Enquirer: 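I'd like to ask some things about the structure below.
Every value quoted in this text rests on a predicted model; they were computed, and no experiment measured them.
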Amino acid sequence: MKKLKSIFSPRKLIIWIFIIILIITVPEIARPAMSKTEAIVTMMCIDKDGEDIKVCTSVLTPASEKTANYEVYSGKGKTVGEAVENISLALGKSIGFAQCEIMGFGDNLSEEGIMSTLDFMTRTRRVGRNALLINFSGEVEKFAQAVVNMNIEKSLHLEDIMNFDQRYILSEDSNIHSFYKGYFSKISLGIMPKIKLETEDKGNSIEVQESATGGGSSNEPGSGSGGDSKKEYILNDGTACIFRNGEKILEITPDTMKKLNLFINESQEGTLTIDHVTDDLYDDASIILHVSKKDVSFTPKFDGEKPIYEISIDVTVLVEEVDEENPSLKFLKRNKEFLTPTLIEKTKQQVEKQAYEIIEYCKENKVDLIHVYEFFYRKQYKKFSEYYDKMQEKYLDNIDYKISVKVNSSY
């Protein structure tokens, strides 16, 4: 007993605690810095290259003075896993995808199907479900390098541009979670914005410098430097891609996407152009309305055996620009109500017309982009299931659509 008291006396206890701390901390101190052993991927782009898969990753490298460098590393393989391993071997580091914010799919892979790639990256490589998904055009390595150059030159990040778009009547944001949700729905549809890499300025594109040597490969990691450079342009014009069962089947033009987003509550802002407005205030004017708020609701119901899909669109607008051949001083009166009854009626007609055009577009292309089946299954499951089983033409045609539009002033 005296020996035990001697060993664990207060003075010796402090020594024992110090020894234990050393045992725990010394191996950790001796380990190399994480930046020496792990590569942090912030973006990955994938496409088919002949019979192989090519993967390009944007790797974040911590640097001094609280800055960071982004470099592109690429690899090829028969599978995505093999291509990723080749990048890892070339870097001499393990690759972490937990911070990956964007996954881009090239046209070749998108048309062949992306679900096996998504499954591998989310289940094995642990890419987060909030990572944005995009379809891109152009050569995979050039596209990845252009995005990195945009980050460095412009301090602009692709994910910021896409998150901004979600608020406007332009394009729809899509992440892994929402894409999986669409894939496992009864209609198995997913939507993904398209980002284009162009060699000419389209007027609303972002200019970046492209290194002549291009990005690194699995044998030569690094983005390369030196040599002549040429201009590349990243274009986000609102084009979106539709996937069925994980395969790209359709590209929606910006004009059609703008109409489609009348049905999407997340898109809260945008513009509407109303032509040929004539009344006490306007004389054959072309008027630009700013949409400051939008609320859309869907009500599926049955009238006997006939399914009816009611769509209510409530928009709040502000008269932003007025283009008249002979403008007068009346527009300088700030207390004037510019949203006249005539303008309200023409706005309602235009929104309703565009909404019906999208319904016809969905019927023609056999894609349920306005959530018809989703809402019927959610709110009228039993009756709609019975109706659906009896249908001969199983796509949108045998449903009555009723659209009501309300226009409010934001003054």
Side-chain angles (χ1 to χ4, degrees), residues 42-49 53-58 70 72 74 100-114 117 131-175 179 190-212 214-215 223 229-243 247-261 267 270 365 367 369:
T42 59
M43 176 188 70
M44 70 179 302
C45 300
I46 312 166
D47 202 5
K48 289 282 287 187
D49 186 2
I53 295 284
K54 189 165 189 178
V55 176
C56 290
T57 57
S58 166
Y70 294 90
V72 172
S74 61
C100 184
E101 296 173 319
I102 293 177
M103 284 189 67
F105 299 96
D107 288 330
N108 295 330
L109 183 62
S110 296
E111 290 165 9
E112 185 176 294
I114 65 170
T117 300
L132 293 177
L133 298 181
I134 63 168
N135 174 232
F136 65 86
S137 67
E139 201 277 321
V140 57
E141 199 163 31
K142 286 186 177 181
F143 179 81
Q145 187 65 56
V147 173
V148 167
N149 289 347
M150 182 180 72
N151 294 349
I152 296 168
E153 296 167 17
K154 311 289 186 182
S155 295
L156 263 175
H157 297 270
L158 201 56
E159 58 269 27
D160 297 329
I161 295 170
M162 300 313 303
N163 286 329
F164 178 79
D165 273 358
Q166 188 182 9
R167 299 203 326 267
Y168 284 79
I169 303 179
L170 247 183
S171 77
E172 186 175 5
D173 183 25
S174 176
N175 59 24
F179 196 85
I191 191 165
M192 195 182 293
K194 186 174 185 93
I195 307 297
K196 302 173 184 177
L197 182 63
E198 306 280 357
T199 56
E200 296 179 2
D201 186 6
K202 301 294 184 179
N204 58 338
S205 49
I206 300 168
E207 178 187 317
V208 292
Q209 292 289 119
E210 176 72 22
S211 151
S223 58
S229 62
K230 61 181 180 179
K231 292 177 181 177
E232 301 278 1
Y233 298 89
I234 290 177
L235 177 63
N236 175 26
D237 62 2
T239 301
C241 303
I242 302 301
F243 287 72
E247 298 176 8
K248 187 170 77 169
I249 59 168
L250 185 66
E251 284 194 8
I252 307 179
T253 65
D255 286 342
T256 302
M257 194 66 204
K258 188 173 181 179
K259 296 174 187 177
L260 175 62
N261 277 332
S267 300
N365 291 283
V367 287
L369 302 175

Enquirer: Could you point out which residue of Val140, Val72, Val208 forms a side-chain contact (heavy atoms from CB on, under 4.5 Å) with Gln145?
Expert: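 Of the listed options, the one satisfying the test is Val72.
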Enquirer: Would you confirm whether Asp47, through its side chain, and Leu109, through its main-chain N or O, come within 3.5 Å as a donor-acceptor pair?
Expert: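 Judged by distance alone, yes, a pair lies under 3.5 Å.
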Enquirer: Would you find a donor on one side and an acceptor on the other, under 3.5 Å apart, between the side chain of Ser174 and the backbone of Ile191?
Expert: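 Such a contact is found between Ser174 side chain and Ile191 backbone.
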Enquirer: Check the pair Met150, Leu158 against side-chain contact (heavy atoms from CB on, under 4.5 Å), reporting the backbone distance first and the verdict last.
Expert: CA-CA 8 Å; Met150 182 180 72; Leu158 201 56; 4.1 Å; yes
Enquirer: For Thr57 and Met44, indicate whether the former's side chain and the latter's backbone hold a donor-acceptor pair under 3.5 Å.
Expert: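 The answer is no, because no donor-acceptor pair under 3.5 Å joins these two groups.
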Enquirer: Give the intermediate values and the outcome of side-chain hydrogen bond (donor to acceptor under 3.5 Å, both in side chains) for residues Asp237 and Thr239.
Expert: CA-CA 6 Å; Asp237 62 2; Thr239 301; 2.7 Å; yes
Enquirer: What pair of heavy atoms forms the shortest contact from Phe136 to Gly106, and how long is it?
Expert: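 Looks like CE2-N, 3.3 Å.
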Enquirer: Shortest non-hydrogen contact from Lys194 to Cys241?
Expert: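 So the minimum-distance heavy-atom pair works out to CB-SG, 3.9 Å.
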Enquirer: Which atom pair, heavy atoms only, marks the closest approach of Phe143 to Ser137?
Expert: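 Of all heavy-atom pairs spanning Phe143 and Ser137, the closest is CD1-O, 4.1 Å.
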Enquirer: Considering non-hydrogen atoms only, spot the tightest contact between Lys248 and Phe243 and give its length.
Expert: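 Shortest heavy-atom separation between Lys248 and Phe243 comes out as N-CD2, 3.4 Å.
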Enquirer: Which heavy atom of Ala240 sits nearest to which heavy atom of Met257, and what is that distance?
Expert: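 Scanning both residues, the minimum pair turns out to be CB-SD, 3.6 Å.
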Enquirer: Which atoms form the tightest heavy-atom contact between Ala146 and Leu197, and what is the distance?
Expert: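 Residues Ala146 and Leu197, closest heavy atoms: CB-CD1, 3.7 Å.
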Enquirer: Once you round to the nearest 0.5 Å, how far does OG1 of Thr199 lie from NZ of Lys231?
Expert: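 Answer for the OG1-NZ pair, Thr199 versus Lys231, is 12.5 Å.
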Enquirer: Under the side-chain hydrogen bond (donor to acceptor under 3.5 Å, both in side chains) criterion, do Asn108 and Glu112 qualify, and how do the steps go?
Expert: CA-CA 6 Å; Asn108 295 330; Glu112 185 176 294; over 6 Å; no
Enquirer: Should the pair Glu139-Lys54 be classified as a salt bridge under the 4.0 Å nitrogen-to-oxygen rule?
Expert: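 Answer for the salt bridge query: yes.
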